[in-house]
Trainee: 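Structure in structure tokens, see below.
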Amino acid sequence: MQTDAIHLPAIPAADLESPPLAQADTIPSRWYWDPAFDRLDRDAVFARTWQGIGHAGQVRSEGQFFCAEVAGNPVIVIRGKDGVLRGFYNVCRHRGGPLAVEPEGCVRALQCKYHGWTYLLDGSLRGVPQFDRVELFDRKDYGLVPVRVAEWEGQVFVNLWADAPPLESYVQGIVEQIAPNRLGALRFVWRVEYDIACNWKVYVDNYLEGYHVPHVHPELVKLYDFQSYRTECFDWYSLQHSPLSGTANLYTSGEGEAFYYCLFPNYMLNILPGRLQTNLVLPLGPARCRVVFQYFYTDPDAPSVRKLIEEDLAYSDAVQREDIDICEQVQRGVESRAYDRGRFSVQYEEGVYHFQRLLKGAYRAFLAEPGTNGGSRP
Ligand code: FES
Ligand SMILES: [Fe+2]
């Protein structure tokens, strides 16, 4: 169990309240740069929410695994001999060594890289070399520590918190809203990561509003019918949608609709006909984050589709660079002496408000618990 010198922040009760959108302030600027809030985000938010860390194609067959870091913890997800997908801390019960060091792979058993303890794919401890004179030791007591894992529409999520509601309750309604799109039928094609010099919340805020699109993305604005842009908020996610404009667009003859979901706190599903892009936003410190993009398509090997995919990747990359540039400048703005908090556009920024309301709720719930006094982590 790790302890560190950074204490949880003292937050005035009024800052954790959420007045109606039309009256609300944005969150205080300190929340975007203070190391105490980085730590609070880790413990109150990332260690307690479903984290979409991979996709089902990585763990289709027995022994296939991938690794990730969740709220500072090394995690491994692996498919068992019985076909069950399981998650564990990637931490040996002997002295904390790693079971896997590669990002992904396929194994018959998990062997610790430090002294060679061996675990079966279900996490039970099997092989313990040179341990015969140890007393009061039962291998049954030293299985890998499990982590909750769930698959949904071809995506793999984990949650470090035993008391979190099931994943289904977070994503409830999405499958019906996007029909006839079927995310689970798409195939993984490409993954790319971007490291950005801003707090993860700056990036999420920016994602959640169309207000900036005409100013930051002059090309993107041509693809969509922005008069019809709408935001809808649900329990754990918000949805921005906009009909495609019917002129040039990347996949279709102009039919269909774009759906932009943000699942609290840091996971996005960007859906166009025949294509899904997921974004996972990971804090790397108070003023740095990493965004992992994964792309999935219908029938990606068809020659005609390949060309569209290349165009899509290049186009998305260009849009992302525009967002990175503005987010890095916003980080400097919220760190400046000039800025504390602002207001929301009711028409365009309801998604940001919704995210910040859920964030305040997560802080409130965590800080109200006994024992969260800054001394230890859950
Ligand atoms: S730490 Fe794993 S075998 Fe020693
Ligand atoms: Fe943007």
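Counting starts at 1 for both ligands and their atoms, following the listed order. One-based numbering along the sequence shown.
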Trainee: Which of the atoms in ligand 1, numbered in the order shown and given with their element, are less than 4.0 Å from a heavy-atom of Gly97?
Mentor: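 Those atoms are 1 (S).
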Trainee: Is the closest basic N to carboxylate O distance between Glu104 and Arg191 below 4.0 Å?
Mentor: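 Looking at Glu104 and Arg191, the cut-off is not met.
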Trainee: Hey, would you say the His94 and Tyr114 ring centroids sit under 6.0 Å apart?
Mentor: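 Between Tyr114 and His94, which both carry aromatic rings, the centre distance is not below 6.0 Å.
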Trainee: Is the ring pair Phe355/Phe264 parallel, tilted or perpendicular, if the boundaries are 30 and 60 degrees?
Mentor: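 Tilted: the ring planes of Phe355 and Phe264 meet at 30° to 60°.
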Trainee: For ligand 1, which atoms, with element, lie under 4.0 Å from some heavy atom of Cys92?
Mentor: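 Atoms satisfying the 4.0 Å criterion: 1 (S), 2 (Fe), 3 (S).
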Trainee: State whether the side chain of Arg148 and the backbone N or O of Ala162 hold a donor-acceptor pair below 3.5 Å, judged by distance alone.
Mentor: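 Here the side-chain-to-backbone pair exists.
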Trainee: Between OD2 of Asp323 and NE2 of His217, what angle is found at the Fe ion (ligand 2), rounded to 10 degrees?
Mentor: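 Output for this angle: 90°, rounded to tens.
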Trainee: Any idea which atoms of ligand 1 are less than 4.0 Å away from a heavy-atom of Trp117?
Mentor: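 In order of number, 3 (S).
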Trainee: If the threshold is 4.0 Å, N to carboxylate O, is there a salt bridge linking Arg321 and Asp325?
Mentor: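 A salt bridge is absent here (no side-chain N lies under 4.0 Å from a carboxylate O).
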Trainee: Check each of Arg95, Arg93, Gln111, Lys113 against atom 1 (S) of ligand 1 and report the one with the nearest heavy atom.
Mentor: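 It is Arg95 whose heavy atom sits nearest to atom 1 (S) of ligand 1.
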Trainee: Identify whether the distance between the nearest side-chain nitrogen and carboxylate oxygen of Asp15 and Arg341 falls below 4.0 Å.
Mentor: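 Salt bridge flag = yes for Arg341 with Asp15.
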Trainee: Nearest 10°: the angle subtended at atom 4 (Fe) of ligand 1 by His94 ND1 and His115 ND1?
Mentor: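 His94 ND1 and His115 ND1 form an angle of 90° at atom 4 (Fe) of ligand 1.
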Trainee: Counting from 1, what ligand 1 atoms have a heavy atom of Cys112 closer than 4.0 Å?
Mentor: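 Ligand 1 atoms under the 4.0 Å threshold to Cys112: 1 (S), 2 (Fe), 3 (S).
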Trainee: Could Glu311 and Lys307 be called an ion pair, given the rule that one side-chain N must be under 4.0 Å from one carboxylate O?
Mentor: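 A salt bridge links Glu311 with Lys307.
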Trainee: At less than 4.0 angstrom from any non-hydrogen atom of Gly116, what atoms of ligand 1 do you find?
Mentor: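 With Gly116 as reference, the close atoms of ligand 1 come out as 3 (S).
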Trainee: Closer than 2.8 Å to the Fe ion (ligand 2), do we get an N, O or S atom from Glu322, backbone or side chain?
Mentor: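 It does not; every qualifying atom lies at 2.8 Å or beyond.
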